[in-house]
Amino acid sequence: MKSVDTKPSPDHSAILRVIRSIPVGCVASYGEVAERAGLPRRARLVGRVLGEVPPGEEVPWYRVLRSNGRIAFAPGSRGFREQVRRLSGEGVLVVSGRVDLARHGWDRNLDAVLWAPPAPSAKKSAAKKNVSSKKR
DNA sequence: GCCCTGACGTGAA
DNA sequence: ATTCACGCCAGGG
């Protein structure tokens, strides 16, 4: 036997390693994963690798989304529903196939969360008595 | 080896 | 918010 074995590509394992390290309840974009794996601009490779991951592997593939927080699968498709289900199961809110990265993003800037942005509803209702009705 | 496709990303119109 | 054009790169035909 010379070289008929599988492909232990370092990039491949690096990507899986990063994905496996995404905390529960958090999500990351393909681009982020690629970057953290030392492969900047290789977002597509991340998608390809995930597609090759055999079922049964302990890889939280569902925590990986597009850079805009949208699920990569076509809405309504099998994978789409499965991903929504899994994310919801971890407490990640998914609205219209989309996740609020400022809230669940792994790479999110903590300032955005700790500083608490001004009430966006100040335009419609000029603060009646309940300043915050959503978030938290 | 060339061409097309794709679990992507970003900037511009 | 949407659509388009490009950039990137591994596979498959």
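Predicted, not measured: the structure shown is a model, and the values here were computed from it. Per chain, numbering begins at 1; letters A, B, ... match sequence-line order.
Remark: A/Arg86 engages A/Glu82 in a salt bridge, criterion side-chain N to carboxylate O under 4.0 Å. Using a 4.0 Å cut-off between charged nitrogen and carboxylate oxygen, A/Glu90 and A/Arg63 count as a salt-bridge pair.
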Inset, instruction - Spell out protein contact along nucleotides 7-13 of chain B as letters: B when the base is contacted, S when just the sugar-phosphate is, - when no protein heavy atom is under 4.0 Å; keep the 5' to 3' order. - result: BBSS---
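Rounding to whole angstrom units, CZ of residue A/Arg41 and P of C/dA10 are separated by 15 Å.
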For residues 19-29 of chain A, tabulate all N or O donor-acceptor pairs below 3.5 Å that involve a side-chain atom, not counting sequence neighbours.
residue: A/Ser21; atom: OG; partner: A/Val18; partner atom: O; Å: 2.6
residue: A/Ser29; atom: OG; partner: A/Glu32; partner atom: N; Å: 3.0

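The shortest heavy-atom contact between A/Phe80 and A/Gly97 is CZ-CA, 3.5 Å.
Screening A/Ile15, A/Val49, A/Val64, A/Leu16 for a side chain to side chain contact (heavy atoms under 4.5 Å, CB included) with A/Val59, the sole residue that qualifies is A/Leu16.
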